[in-house]
Amino acid sequence: MPAVNPAIVTRFAPSPTGELHPGNARTALFSFLLARRNGGRFVLRFEDTDRARDRDAFIASQLEDLAWLGISWDAGPERDDGHGPYRQSERGAIYQDLYQQLERQGAVYPCFCTAAELEMARKAQAAAGQPPRYPGTCRSLDAAARASRLAAGRQPGLRFAVPEDQTIRFDDLVRGPQAVESAQLGDFLVRRAAGGTVFFFCNAVDDALMGITQVLRGDDHLSNTPRQLLLLSALGLRAPRYGHLPLLLDAGGAPQSKRRGSVTVAELRRQGYLAAALGNYLLRLGHHGAPDEWVQPAEFARHFHADHLGRAPAHFDPVQLDHWQREAVRRLDAEQVTDWLAGEFPADWPRPERVALAALLQGNLLLPRDAADWLAVLGGELAALAPAEQAVIDEAGREFFTAALSAFAETGADLGRLAQQLKARTGRKGKALFMPLRIALTGRHDGPELAALLPAIPAALVRTRLENAAGLRKD
RNA sequence: GCUCCCAUCGUCUAGAGGCCUAGGACACAGCCCUCUCAAGGCUGGUACGAGGGUUCGAAUCCCUCUGGGAGCGCCA
């Protein structure tokens, strides 16, 4: 295998229990950027150890989300570099060896406690005002006691014996120096009675085995870190440097979660948000150092600074996302807008027509679905006018529109000439001339250039709408 | 309950004792530009959670409180 260890190897290690949230995506993006910025490698690993909740479909969707966001991985599922496999469900043999090593060393002990017993102990501790920790019941079992329980057919889990009176220290990439007393930890499970692995264990072990040098992960793992450090040190494995990112909150202030229906990356993508827009937004959430202006995705890494990560939780604000979305849409070329709008066009529309329309509407769209309104303006029914718009029509008056009608008959869809004629006939100019026309023709006061819009509306429709405005058609 | 973390405009953030009558961006309001909207330009309002210290001087350091969050799982 090639030399896999430049100075920096980072990773993203999601569990496939749902679609990616912006918070996960941000963690992935930052990890990716941290590697890229330093010429390092980025690794993707799936922690699919929860048979009940894991779904292959989520692996596929997360892979898709990541790739869509412009995140590429040097190693991962389907791309093994000799340190894989990159799905934990396929790493069982590796874990078994490590369990044996821990047992040989006496760093772990079998625990026969049942879920009910554990639950009772926790309740008692809570009642006594104690933190709920494993009481150590099985730690002191002697060989005979263990043998008799085994003989009775009881399946033990494996628990890590946390050393007493030890201070675990580490320097967090975003929090700085941390110190935790081992007395606060309580012996934790490393293998289930049924034989399954546990997060603390395989997560830490895989990072070490895969040569990960820095781990950026959610804040919620901060207080778990000492356990993993203890475990790794017992195994003689090199621990990565950890950096704990504050959680991303919803606009309302609650942590993002599927239960609360937080938006997912896949959903944003379905709605038509552009990857570069989400990227620009994420780059600035809980991180500073990027300029206020738009940054090309290719430049993200250059603007990422691991020492500029915030410690306070940030809110995911759709309004700010929309700002970057507008910036992103503006930067698309006509072909790209056309593809972006693909789902909005009638199926039989030829490409050139699509491109022309896409270019026409580009400046007035936030999301593809906004195009539907304009498609109606261009070829369908106009919605009823709002009072403010109706007032403009009324103010212009019947004569204005009859004049417009005859001007249109002469000039056709050439707005320049039509405006000239109208001006000559009605004496109106500027806004007083264009606004009634715009509203009569489109039903709204905003939109693309009228000069470009007019030729896109069938002549018959133009006449009908002008007649309507003039009050010639009372239907 | 216990342990830990966090706290600057509505939001994202700058700020590592005097440069802060707190800066920028988004959003909002007004004006300019313009056939409209957008873009662009200009202007404006809005923040250091509270209370105590330390100091000649605190958004910046310490303590308490308040508020938010996380962890303490045979979930990850």
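Numbered from 1 within each chain, the chains take letters A, B, ... in sequence-line order. Basis for what follows: all heavy atoms, side chains included, without hydrogens, waters or symmetry-related copies. In this text, all values refer to a predicted model and were calculated from it rather than measured experimentally.
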Seminar exercise, completed: salt bridge (charged side-chain N to carboxylate O under 4.0 Å, His left out) filter on A:R284, not counting sequence neighbours, yields none
Exercise. If we take the P atom in both B:U36 and B:C31, what is their distance in whole Å?
Worked result: 14 Å
Seminar exercise, completed: Whole-Å distance, A:L248 CG to B:C6 C1', equals 15 Å
Problem set entry | Pairs meeting criterion side chain to side chain donor-acceptor pair (under 3.5 Å) with involvement of residues 171-181 of chain A, two or more places apart | A:T167-A:E181, A:D171-A:R241, A:D172-A:H244, A:R175-A:D219
For this session: Look at A:R425 together with A:E410 and state whether they make a salt bridge at an N to O cut-off of under 4.0 Å.
Result: yes
Exercise. Which pairs with one or both residues in residues 434-453 of chain A pass salt bridge (Lys or Arg N to Asp or Glu O under 4.0 Å), sequence neighbours excluded?
Worked result: A:R444-A:D446
For this session: Answer yes or no: does a side-chain N or O of A:H323 lie under 4.0 Å from OP1 or OP2 of B:A27?
Result: no
Problem set entry | Nearest-Å distance once atom P is located in both B:U43 and B:A25 | 11 Å
Exercise. Is the NZ or CZ atom of A:R428 positioned over A:F400's six-membered ring, under 6.0 angstrom from the centre and within 45° of the axis?
Worked result: yes
For this session: Provide the distance between the two C1' atoms, one in B:G52 and one in B:A16, to the nearest whole Å.
Result: 24 Å
Problem set entry | Side chains of A:F199 and A:S15 in contact at under 4.5 Å (non-hydrogen atoms) | no
Seminar exercise, completed: Here the residues of residues 279-292 of chain A within 4.0 Å heavy-atom distance, strictly under, of RNA chain B are A:R284, A:L285, A:G286, A:H287, A:H288, A:D292
Under 3.5 Å, sequence neighbours excluded: what are the donor-acceptor pairs made by side chains of residues 366-380 of chain A?
{"unit_1": "A:D370", "atom_1": "OD2", "unit_2": "A:L366", "atom_2": "N", "d": "3.0"}
{"unit_1": "A:D370", "atom_1": "OD2", "unit_2": "A:L367", "atom_2": "N", "d": "2.9"}

Under 3.5 Å, sequence neighbours excluded: what are the donor-acceptor pairs made by side chains of residues 117-125 of chain A?
{"unit_1": "A:E117", "atom_1": "OE1", "unit_2": "A:T114", "atom_2": "N", "d": "2.8"}
{"unit_1": "A:E119", "atom_1": "OE1", "unit_2": "A:R122", "atom_2": "NH2", "d": "3.3"}
{"unit_1": "A:Q125", "atom_1": "OE1", "unit_2": "A:R133", "atom_2": "N", "d": "3.1"}
{"unit_1": "A:Q125", "atom_1": "NE2", "unit_2": "A:R133", "atom_2": "O", "d": "2.8"}

Exercise. Rounded to whole angstroms, how far apart are CZ on A:F201 and P on B:C75?
Worked result: 16 Å
Problem set entry | P atoms of B:U60 and B:C9, separation to the nearest Å | 14 Å
For this session: Using a cut-off of strictly less than 4.0 Å between a heavy atom of the residue and any atom of RNA chain B, enumerate the qualifying residues of residues 183-194 of chain A by number.
Result: A:Q184, A:L189, A:R192, A:A193
For this session: Figure out the CZ/P separation between A:F160 and B:C74, and round it to whole Å.
Result: 16 Å
Exercise. In Watson-Crick or G-U wobble terms, both distances under 3.5 Å, what is the partner of B:G40?
Worked result: B:C32
Problem set entry | B:C62 to B:U55 separation - P atoms, rounded to the nearest Å | 16 Å
Problem set entry | Inter-nucleotide P distance (B:A39, B:A29), Å rounded | 12 Å
Exercise. Using atom P of each nucleotide, how far apart are B:G51 and B:C2 to the nearest Å?
Worked result: 27 Å
Problem set entry | NZ or CZ of A:R154 within 45° of A:F112 ring axis and under 6.0 Å | no
Exercise. How long is the line joining CZ of A:F434 and C1' of B:C35, in whole Å?
Worked result: 5 Å
For this session: Take A:N203 and A:R217 through the side-chain contact (heavy atoms from CB on, under 4.5 Å) test and state the conclusion after the steps.
Result: CA-CA 12 Å; A:N203 175 268; A:R217 50 164 28 168; 3.2 Å; yes
Using a cut-off of under 3.5 Å, enumerate the N/O to N/O pairs linking the protein to nucleotides 69-71 of chain B.
{"unit_1": "B:G71", "atom_1": "O4'", "unit_2": "A:S223", "atom_2": "OG", "d": "3.1"}
{"unit_1": "B:G71", "atom_1": "O2'", "unit_2": "A:S223", "atom_2": "OG", "d": "3.3"}

For this session: Can you tell me the distance, in whole Å, between the CG atom of A:D48 and the C1' atom of B:C75?
Result: 14 Å
Exercise. Looking at the side chain of A:V319, which of B:C74, B:A27, B:C5 is the nearest nucleotide?
Worked result: B:A27
For this session: Quick one: label A:A126 by what it contacts on the DNA or RNA (base, sugar-phosphate, nothing), any heavy atom closer than 4.0 Å.
Result: nothing
Exercise. Between A:Q390 and A:D394, does any side-chain donor sit less than 3.5 Å from a side-chain acceptor?
Worked result: yes
Seminar exercise, completed: In Watson-Crick or G-U wobble terms, with both distances under 3.5 Å, the base opposite B:G51 is B:C63
For this session: Determine whether A:F401 and A:P436 make a side-chain contact, defined as any pair of heavy atoms from C-beta on separated by less than 4.5 Å.
Result: yes
Exercise. If you pin A:F112 and A:R311 to their nearest nucleotides in RNA chain B, which one's is more 5'?
Worked result: A:R311
Problem set entry | Minimum heavy-atom distance A:A469-A:I393, with the two atoms named | O-CG2, 3.9 Å
For this session: Can you tell me the pairing partner of B:C26 across any strand shown, Watson-Crick or G-U wobble, with both distances under 3.5 angstrom?
Result: B:G10
For this session: Using the side chain to side chain contact (heavy atoms under 4.5 Å, CB included) rule, pick out the option among A:L274, A:L321, A:L20, A:D65 that qualifies with A:L268.
Result: A:L321
Exercise. Does A:R133 have a side-chain nitrogen or oxygen under 4.0 Å from the phosphate oxygens OP1 or OP2 of B:G73?
Worked result: no
Exercise. Which residue lies toward the 5' end of RNA chain B, A:P14 or A:H308, if each is placed at its nearest nucleotide?
Worked result: A:H308
Exercise. If pairing requires Watson-Crick or G-U wobble contacts with both distances under 3.5 Å, which nucleotide is the partner of B:C72?
Worked result: B:G1
Problem set entry | Rounded distance (Å) that lies between atom P of B:A25 and atom NE2 of A:H303 | 17 Å
For this session: Classify the nucleic acid contact of A:T442 as base, sugar-phosphate or nothing, counting any heavy atom under 4.0 Å across all strands shown.
Result: nothing
Which protein N or O atoms sit under 3.5 Å from an N or O of nucleotides 45-48 of chain B?
none

Seminar exercise, completed: Applied to residues 318-332 of chain A, the side chain to side chain donor-acceptor pair (under 3.5 Å) test, sequence neighbours excluded, yields A:Y273-A:D322, A:E327-A:R330, A:E327-A:R331
Exercise. With rounding to whole Å, what would you report as the distance between B:G24 and B:C5 at their P atoms?
Worked result: 34 Å
For this session: Evaluate the ring-ring contact (aromatic ring centres under 6.0 Å, His included) criterion for residues A:F201 and A:F188: first the C-alpha distance (whole Å), next the side-chain angles of each, then the deciding distance (0.1 Å), finally the verdict.
Result: CA-CA 10 Å; A:F201 175 82; A:F188 55 94; 9.6 Å; no
Which pairs would a plain distance check flag for residues 300-315 of chain A, meaning a side-chain donor or acceptor within less than 3.5 Å of a matching protein atom at least two apart in sequence or in another chain?
{"unit_1": "A:R302", "atom_1": "NE", "unit_2": "A:E299", "atom_2": "OE1", "d": "2.6"}
{"unit_1": "A:R302", "atom_1": "NH2", "unit_2": "A:E299", "atom_2": "OE1", "d": "2.9"}
{"unit_1": "A:H308", "atom_1": "ND1", "unit_2": "A:H288", "atom_2": "O", "d": "3.2"}

Problem set entry | Closest non-hydrogen atom pair between A:S61 and A:E19, with its separation | OG-CG, 3.9 Å
Polar atom pairs between nucleotides 36-43 of chain B and protein, under 3.5 Å, N or O only, would you list them?
{"unit_1": "B:U36", "atom_1": "O2'", "unit_2": "A:H445", "atom_2": "O", "d": "2.2"}
{"unit_1": "B:U36", "atom_1": "O2", "unit_2": "A:R438", "atom_2": "NH1", "d": "3.4"}
{"unit_1": "B:U36", "atom_1": "O2", "unit_2": "A:G447", "atom_2": "N", "d": "2.8"}
{"unit_1": "B:U36", "atom_1": "O2", "unit_2": "A:G447", "atom_2": "O", "d": "2.9"}
{"unit_1": "B:U36", "atom_1": "N3", "unit_2": "A:R438", "atom_2": "NH2", "d": "3.1"}
{"unit_1": "B:U36", "atom_1": "N3", "unit_2": "A:G447", "atom_2": "O", "d": "2.7"}
{"unit_1": "B:U36", "atom_1": "O4", "unit_2": "A:E449", "atom_2": "OE2", "d": "3.3"}
{"unit_1": "B:C37", "atom_1": "O2", "unit_2": "A:N364", "atom_2": "OD1", "d": "2.8"}
{"unit_1": "B:A39", "atom_1": "O2'", "unit_2": "A:R330", "atom_2": "NH1", "d": "3.1"}

